[in-house]
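To start, the structure itself, in structure tokens.
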There are 2 protein chains.
Amino acid sequence: MPQRSRRTARLSGDERQEAILLTAETLLASRSLDEISIEDLASGAGISRPGFYFYFSSKDDVLLALLDRVIGEVQQRVVTLPRDFDADPEAAWRRVIGVFVEVFAAHRAVSAAAIGARLRNAEVEALWSGAMQTWVGYATDVIVAERARGAAPAGTDARALAIALNLLNERVLFAAFNGETPAVAPSQALDVLTGIWVRSIYS
Amino acid sequence: MPQRSRRTARLSGDERQEAILLTAETLLASRSLDEISIEDLASGAGISRPGFYFYFSSKDDVLLALLDRVIGEVQQRVVTLPRDFDADPEAAWRRVIGVFVEVFAAHRAVSAAAIGARLRNAEVEALWSGAMQTWVGYATDVIVAERARGAAPAGTDARALAIALNLLNERVLFAAFNGETPAVAPSQALDVLTGIWVRSIYS
DNA sequence: CACCCGAATCAACAGGGTGTCGAAGAATTC
DNA sequence: GAATTCTTCGACACCCTGTTGATTCGGGTG
């Protein structure tokens, strides 16, 4: 996934690329991706519009790079989490969901743009979809394990349940952090989500 | 909400407007809204591009009219549903959720376009958001009533729970009917959703 | 230290979509 | 059949995207 679009690896080049990414994330805080022109990104990074194309092949390519980082951050934080579901299942699930809440909150602009771009851009769709599959796989494994040790009852197909709950997180957090109406208050989100996950899985 | 954009109410005019709406829903089945040009809609309805602007002020305006109908259909079907939650709560919830499943399935193209357009168009956002608030209000009332009669335990704030569950439906059905990966299979969707709603509300 | 070569940049162009005129055409009314 | 109103379209101005060929810049090399 790395080395997107750059032709060479020179010093000032990397800085320029970084400047474009920074500009993009900054501008995304106040406008949607298609309200941002490539001219905006280029001038924000101190280059001309054609210069932009030296570093990225399109606006969506910039978003892809930003999304890559956000997903990487979630991935990295999730794997280092303790997995003691037998001790206190609710607390364990809350920790996992908490990672999503925090990362989505920190990068709400990028997540919002990605969720919008996914509908029209196959690459964004593929990247997000891959990440979702990883998380769904993780959740499915835990649900299956909890059922195996008798803590959770068999019922709905574990994978289907895991998919639905992951989609729940995505949608609820997006709505909460982007000020939609209706939405769960950001401060309530973790409690509400954890509640639904735990009750759906264990009863 | 009616009488969007039309200046007069003449006969052939209504037919033309209808032709545009029909063309739009047809084309939306195979491409996203911004892959459809106004030229496409106009020629599909047998008029020239400037002629389009006589009936609608933009592509989003067309979508707004289509979405209005879909929401009206849900509304109409939900109010005529039996409300016997005390007899068999699970069956009652399943009926309500079933309406959403059916209407989303029948108009998947419009729903998909609306969900995409909501992010950039304030009017679409307002229309959808108003409908969501109605449905959330309905769900909240039922949850409160179920708690009052002792069928459901107090717990998560009823409104926050209702919001999260409605967002769950929206996201899961969208993913299912638009062939996302990962997604719950369309045939499983009603079971999975009903399961999550019932367990979240009653345990 | 002059030269060269490739990295980096930009002015200018082509293409495509949107929204808006004012004028031309069709229908209705008197 | 003239006047009025409704309806349509050709042509224009504008904005954004993506590309290309010429130009500038700076460090390694003899």
Side-chain angles (χ1 to χ4, degrees), chain A residues 3-24 27-28 30-66 113 116-117 119-124, chain B residues 3-24 27-28 30-66 113 116-117 119-124:
Chain A
Q3 285 306 26
R4 230 180 264 298
S5 302
R6 279 293 313 290
R7 276 181 216 147
T8 65
R10 226 192 182 183
L11 189 69
S12 74
D14 280 357
E15 289 166 356
R16 281 281 149 87
Q17 188 168 32
E18 202 53 43
I20 293 173
L21 291 172
L22 187 65
T23 304
L27 292 182
L28 276 175
S30 52
R31 320 180 228 164
S32 80
L33 188 60
D34 47 32
E35 289 167 339
I36 298 171
S37 72
I38 287 178
E39 173 69 41
D40 293 335
L41 296 178
S43 68
I47 55 179
S48 72
R49 199 172 59 80
F52 169 90
Y53 290 96
F54 184 78
Y55 297 101
F56 295 96
S57 64
S58 68
K59 264 191 296 190
D60 286 351
D61 203 27
V62 176
L63 180 59
L64 218 45
L66 288 172
L119 300 165
R120 59 160 206 281
N121 183 300
E123 282 183 285
V124 174
Chain B
Q3 285 305 27
R4 232 179 262 299
S5 301
R6 278 294 311 293
R7 278 182 213 147
T8 65
R10 227 188 180 185
L11 187 70
S12 75
D14 279 358
E15 287 166 355
R16 281 280 148 87
Q17 188 169 31
E18 203 53 44
I20 294 174
L21 290 172
L22 186 65
T23 304
L27 293 182
L28 276 175
S30 53
R31 322 180 225 164
S32 80
L33 188 60
D34 45 34
E35 287 167 341
I36 299 172
S37 72
I38 287 179
E39 173 69 39
D40 294 334
L41 296 179
S43 68
I47 54 178
S48 72
R49 198 171 60 79
F52 169 91
Y53 289 98
F54 184 79
Y55 298 101
F56 295 96
S57 64
S58 68
K59 263 191 297 191
D60 286 350
D61 204 27
V62 175
L63 179 59
L64 220 44
L66 288 173
L119 300 164
R120 58 159 207 282
N121 182 301
E123 283 183 284
V124 174

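Below, read A as the first sequence line, B as the second, and so on, with proteins coming before strands; counting in each chain starts at 1.
In this structure, OG on A:Ser30 lies 7.0 Å from CD1 on A:Ile36, to the nearest 0.5 angstrom.
With sequence neighbours left out, B:Arg120 forms a salt bridge (Lys or Arg N to Asp or Glu O under 4.0 Å) with B:Asp60. With sequence neighbours excluded, the residues that form a side-chain contact (heavy atoms from CB on, under 4.5 Å) with B:Ala42 are B:Ile47, B:Phe52. Among residues two or more places apart in sequence or in another chain, the side-chain contact (heavy atoms from CB on, under 4.5 Å) test is passed with A:Ser37 by A:Glu39, A:Asp40. Remark: B:Ser32 pairs with B:Asp34 by the side-chain hydrogen bond (donor to acceptor under 3.5 Å, both in side chains) rule, at least two apart or across chains.
The side chain of A:Tyr55 places an N or O atom within less than 4.0 Å of a non-bridging phosphate oxygen (OP1 or OP2) of C:dT9.
Counting to the nearest Å, the P atom of D:dT8 and the CD1 atom of B:Ile47 are 6 Å from each other. What separates CZ of A:Arg16 from C1' of C:dA7 is a distance of 13 Å, to the nearest Å. The CZ-C1' distance, from A:Arg120 to C:dG17, rounds to 16 Å in whole Å. Distance B:Phe54 CZ to C:dG22 C1': 16 Å, rounded to the nearest Å. The nearest whole Å value for the distance from the CG atom in B:Leu41 to the P atom in D:dT8 is 15 Å.
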Check: What string of B, S and - do you get for nucleotides 14-21 of chain D, 5' to 3', if B is base contact, S is sugar-phosphate-only contact and - is no contact with any protein heavy atom under 4.0 Å?
Finding: ---BBBB-
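The main-chain N or O of A:Ser57 is found under 3.5 Å from a side-chain atom of A:Asp61 such that the two form a donor-acceptor pair.
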